[in-house]
Amino acid sequence: MSFELVCQVQDIPVGRVAAAEVDGVTIALARTGDREFHAVDDVCTHANVSLSEGELDGCLLECWLHGSSFDLRTGEPTAPPATVPVAVYPVTLEGDDVLVDVQSPNNKEN
Ligand code: FES
C-alpha cells in the first residue's frame, strides 16, 4: 500500500467529483457522503474521456459522452456502451486528509 495525500475533505463538496493526479495517474475522486470518498481511474473504458466531468448520482458516476454509469464501489459499468470496469483505488481518511493508493487497485490485478 502506498497512500498519497490528494486533498482535504472540505475541498470537494458532497455529491461532487474532481480530477486529481496521483503518482502519474489521473483519478476521478468522488465525495458521496460526509466522510465517504471513492476513487476510480479518470478515463472512461469506452473512449478516452474524463469521467470526472460526468454526473455523480449516489455511488454511480455517469460518463458525459455516451451515458454509461460506473459503480464507484466495484468499477463495473451498469449500462452500455461501456463493458469494461474502471480501476477502483483504495481511499483512506486521516483527519481531514484524503489519501489514495493508485498502486493497489481493488478490482484489477497488478
Ligand atoms: S466514452 Fe464513456 S460511455 Fe462512451
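Counting starts at 1 for both ligands and their atoms, following the listed order.
Side-chain contact check for V17 versus L29: every heavy-atom pair is 4.5 Å or farther apart.
Only the side chain of C63 comes within 4.0 Å of ligand 1, judged by heavy-atom distances.
Within H46, ND1 is the N, O or S atom that lies nearest to atom 4 (Fe) of ligand 1. If you look at H66 and ask which of its N, O or S atoms sits nearest atom 4 (Fe) of ligand 1, the answer is ND1.
Using a 3.5 Å distance cut-off with no hydrogens or angles, the side chains of D42 and S52 do pair a donor with an acceptor. With hydrogens and angles left out, the side-chain atoms of E21 and T26 include a donor and acceptor closer than 3.5 Å.
The contact set between ligand 1 and S68, taken as ligand atoms under 4.0 Å from a residue heavy atom, comprises 3 (S). Near C44, meaning under 4.0 Å from one of its heavy atoms, ligand 1 places the atoms 1 (S), 2 (Fe), 3 (S). Within ligand 1, counting atoms from 1 as listed, the ones closer than 4.0 Å to a heavy atom of V49 are 1 (S).
Taking a 6.0 Å sphere around CD of E55, one finds it holds 12 or fewer heavy atoms contributed by other residues, nucleotides or ligands. Applying the 6.0 Å contact sphere to CD of E94 captures no more than 12 heavy atoms from other residues, nucleotides or ligands.
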